[in-house]
Each structure stands twice: as C-alpha cells, then as structure tokens.
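Inspection log for the structure reproduced underneath, given as structure tokens.
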Amino acid sequence: MWAYYNTSDGCSYVYNGKKWTLLAGTPQKIFDIQPVNLTVKMIELRNLKDDTVQTVDTLPIGFITGNTDIPYIPLTTVYLQWFLNSNYTVSSVAKDSTKVTITNTARNAHAVFDLSTHKCTFDNYDAFFQTSEVYHDAASVSKIDYMKITDVANIAGKPVVIDWSALDVGITLCKIDTDYALAIPLQTFNDLFLSPQQAFLIYNGTYLYPSSTLMSSQDLQNDYYTTGNKSRARNKVVADFCYNELCLNLDFNYGLKTIHGIDSFPDFNTYFACVGIRDDLMEY
C-alpha cells in the first residue's frame, strides 16, 4: 500500500490498488490564476491646505479593463512605497507566479499572498506594521475599541492568516504594460495595510481623500460629494464585491465578537444569513 502527503492541498492520500483516496486532512481548493489587464492612472489626493481643499499629491490607482467601478492598488515595490514607506518591498512577479511576498525589510517580517489558495499569511503581524522600536498598547493612544488591534492577544510574533477562498474579493495577478504585479482592491488594501495605522483612503470616482481630515472637515466632505462621479448605478459586480469585502473586513478586524455573541458563528457571511440581512446587503 502506498501513501503520500500532498503539499499543494495539505492532505494525505493512500492508494488502495485502484485509486488514491483521502487518508487525512481537508482538501484545499486550488484556484486558477488568470492575470487581468490593469491600467494605472495617477489620481489626485485632495486635502485641506491653507484652509482650502486642494490637490496635495497624486497616487497610482489601477482599473481592470472593462471594470472602472472598483479601484485597485498595483503592488509593485515602487507603487507600494507610495502608500507605506521605503522599508517595504515586493517580490518579483511573472505571468505564472502563484505567490507574491511583501517584506518589511526593517523588521524581516513578511506577508505572503498565495493566489492559488486565496490566502495571505503574515508570519509576524505586529512586526510587519511596527514603526516604533517600542511595542505599545494601541488602546492607550486611541479609543477605537472595536478594532482587533486593541486586543492584548495581538502580540509580537503572532502569525495571522487572511482567507478569501469562500468569498472572492478580487485580489489577483495583473499585467501592467509588459510587466506583471499583484493587484489588490483599494478597500481591501485599506483593511489589510492601512487600518493597522488607523488610516484609509476613499475614492469618489474622481479624487482620493484621506480618512482623518475628511471626518473632521465639512469643506472636505462637501468636496467629496460634489465632485464625485454619480453617473453609474451599483451593479452586481460592485454589490458582490462590497458584500465580500465587508465580510473579510469584519472577520479580520472586528474585535467585539464575543461581547455581541457573534463568535458562535464561523464567519460573518454565516452570521448575516442567520440574522436575515445577507440578501439586503447584496442588493443592487
């Protein structure tokens, strides 16, 4: 009798003389990787300057051919450093790449995106985002108590796995001109990379805006709503993405599951279905 361990799906199989059968483990779904064409544009970042709303920078935002409703962040080293800092690098990508690694070179911490399994693994989540030489309790400097970042269990060295295999959020391999790169929707990039810094960027179809000043400035809010592109209605692609993205964000970031009795559900998708609001959230 022969047996072997499959490193692709994490399962063990045994041969009974006629066929291979599952011996142990749960087979992991393997996804085909189809690179998409991404057009990158420099989008103006609007903010308050001298008490007026002005363009203060431009940032690279990508759009998939045939779908301009969902903005993407093209994750090459050059582009990523526009949004984070010069400590972060991205591994080289080819058209047949299945894994892309982002490294915080100052901390030797990594985030590995496995496109074949739709998972991202942070080997040391806190170190990956660490900007100070001293670890501190985020709850002591900001009262954002619903965020997981305030959890005392979120200590240095703790690995974190993000799984979008059940609800696809569109993280994909893309082609930019003749080069290949990892592409992440702007909102997913906010949730995974900017929210640990308690920041995010929002896009109104015309301009980008930083979260911090938009929340506190009526002038900036007015600019966001009056300059936004309102010509397109929400469609199924956008509705599905928004729902899937919401579930991933809450599964990953929401820190009050126990208090609200949500930790009795395996994920927020199941929770929304059980409380009867999933269809409403997916309407378009």
Side-chain angles (χ1 to χ4, degrees), residues 35-36 38-47 57-64 67-91 93 97 99-104 109-115 118-122 125 128-131 144 147-149 160-164 167-176 180-205 207-212 214 224 237-238 240-254:
V36 300
L38 199 74
T39 300
V40 178
K41 301 179 181 179
M42 299 305 294
I43 303 297
E44 297 179 28
L45 177 68
R46 304 274 280 177
N47 206 341
D57 203 348
T58 56
L59 296 174
I61 298 294
F63 299 92
I64 293 177
N67 179 11
T68 59
D69 293 314
I70 301 174
Y72 275 75
I73 302 296
L75 288 192
T76 64
T77 293
V78 172
Y79 288 148
L80 181 62
Q81 291 178 355
W82 282 66
F83 295 92
L84 298 179
N85 60 57
S86 59
N87 290 335
Y88 292 90
T89 62
V90 183
S91 61
V93 178
S97 294
K99 293 184 179 180
V100 181
T101 300
I102 300 173
T103 302
N104 181 336
H110 310 84
V112 180
F113 284 84
D114 188 336
L115 299 176
H118 284 190
K119 291 182 180 179
C120 174
T121 302
F122 292 88
Y125 180 76
F128 186 87
F129 294 105
Q130 183 187 355
T131 57
I144 306 181
M147 293 291 288
K148 187 186 293 184
I149 195 171
V160 172
V161 178
I162 297 158
D163 187 338
W164 69 95
L167 297 174
D168 189 5
V169 294
I171 299 174
T172 185
L173 202 66
C174 70
K175 185 177 183 182
I176 306 172
Y180 290 86
L182 180 69
I184 298 181
L186 172 63
Q187 187 54 51
T188 310
F189 184 82
N190 281 331
D191 295 338
L192 301 188
F193 291 94
L194 297 185
S195 64
Q197 305 172 50
Q198 299 175 12
F200 56 88
L201 295 168
I202 54 178
Y203 176 65
N204 69 352
Y207 300 116
L208 286 166
Y209 298 82
S211 59
S212 55
L214 187 67
Y224 172 84
V237 172
V238 174
D240 287 349
F241 168 76
C242 289
Y243 177 78
N244 294 350
E245 223 301 315
L246 173 66
C247 290
L248 178 135
N249 185 13
L250 292 175
D251 287 338
F252 178 50
N253 281 321
Y254 191 63

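All values below were derived from every heavy atom in this structure, side-chain atoms included, with hydrogens, water molecules and symmetry-related copies excluded. The chain is numbered in sequence order, starting from 1. Nothing here was measured: the structure is a model prediction, and the numbers come from that model.
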message: Between Val90 and Thr76, is there a side-chain heavy-atom distance shorter than 4.5 Å?
response: no
message: Main chain of Tyr224, side chain of Asn204: is a donor-acceptor contact present, judged purely on distance under 3.5 Å?
response: yes
message: Tell me if the centroids of the rings in Phe189 and Phe83 come within less than 6.0 Å of each other.
response: yes
For Leu115 against Leu182, the heavy-atom pair lying closest together: CD2-CD1, 3.8 Å
Closest non-hydrogen atom pair between Val169 and Pro185, with its separation: O-CG, 3.1 Å
message: I want to check something: taking the side chain as every heavy atom from C-beta on, are Cys120 and Asp114 in contact at a cut-off of under 4.5 Å?
response: no
- prompt: Should Tyr180 and Ser97 count as side-chain neighbours, where that means a heavy-atom distance under 4.5 Å?
  reply: no
query: Would you say the side chain of Leu84 lies within less than 4.5 Å of the side chain of Leu194, judging by non-hydrogen atoms?
result: yes
message: With rounding to the nearest 0.5 angstrom, report the CG to OH distance, Leu45 to Tyr209.
response: 9.5 Å
- prompt: When you look at Phe193 and Ile184, which way does the side chain to side chain contact (heavy atoms under 4.5 Å, CB included) test go after all the steps?
  reply: CA-CA 11 Å; Phe193 291 94; Ile184 298 181; 4.0 Å; yes
message: Angle between ring planes, Phe252 versus Phe122, binned at 30° and 60°: parallel, tilted or perpendicular?
response: parallel
Side chain to side chain contact (heavy atoms under 4.5 Å, CB included) evaluation trace for Val160 with Thr121: CA-CA 6 Å; Val160 172; Thr121 302; over 6 Å; no
field: Leu246 CG to Gln187 CD distance, which is reported to the nearest 0.5 Å
entry: 9.5 Å
Which atom of Ser195 lies closest to which atom of Asn253, heavy atoms considered: OG-ND2, 3.7 Å
task: Locate the shortest heavy-atom distance separating Pro74 from Pro60; write the atom from each residue and the value.
output: CD-O, 3.8 Å
- prompt: CG of Leu201 to CG of Leu208: how many Å apart, nearest 0.5 Å?
  reply: 6.0 Å
message: Contact between Leu248 and Leu192 at the side-chain level, heavy atoms closer than 4.5 Å - yes or no?
response: yes
Which residues share a side-chain hydrogen bond (donor to acceptor under 3.5 Å, both in side chains) with Gln81, sequence neighbours left out: none
task: Provide the closest heavy-atom pair for Tyr203 versus Pro71 in the form atom of the first, atom of the second, distance.
output: CD2-CG, 3.8 Å
message: Using side-chain heavy atoms (C-beta onward) and a distance below 4.5 Å, is Val93 in contact with Leu75?
response: no
message: If I take atom CD1 from residue Ile73 and atom CD1 from residue Ile171, how far apart are they, to the nearest 0.5 angstrom?
response: 12.0 Å
- request: Examine distances only and state if a side-chain atom of Ser211 and a backbone atom of Phe200 form a donor-acceptor pair shorter than 3.5 Å.
  value: yes
query: Atom CG of Asn47 and atom CG of Asp57: how far apart are they, to the nearest 0.5 Å?
result: 10.5 Å
- request: Under the side chain to side chain contact (heavy atoms under 4.5 Å, CB included) rule, what do Val36 and Asn67 come out as? Steps first, then yes or no, please.
  value: CA-CA 11 Å; Val36 300; Asn67 179 11; over 6 Å; no
query: Does Val112 reach the side chain of Thr101, with side-chain heavy atoms less than 4.5 Å apart?
result: yes
- prompt: Taking only residues at least two apart or on different chains, which pairs with a member in residues 68-90 satisfy salt bridge (Lys or Arg N to Asp or Glu O under 4.0 Å)?
  reply: Asp69-Arg232
- line: Residues His110 and Thr103: closest non-hydrogen pair is CD2-OG1, 3.1 Å
message: Within this structure, what is the OH-OG1 distance for the pair Tyr72 and Thr39, rounded to the nearest 0.5 Å?
response: 13.0 Å
- request: Please examine the side chains of Glu245 and Thr188, heavy atoms only from C-beta on, and report whether any two atoms are closer than 4.5 Å.
  value: yes
- request: Check the angle between the aromatic planes of Phe113 and Trp164 and answer parallel, tilted or perpendicular using the 30° and 60° thresholds.
  value: tilted
task: Starting from the C-alpha separation in whole Å, work towards a yes-or-no answer on side chain to side chain contact (heavy atoms under 4.5 Å, CB included) for Leu59 and Ile43.
output: CA-CA 5 Å; Leu59 296 174; Ile43 303 297; 5.7 Å; no
Set of residues satisfying salt bridge (Lys or Arg N to Asp or Glu O under 4.0 Å) with respect to Asp168, sequence neighbours excluded: none
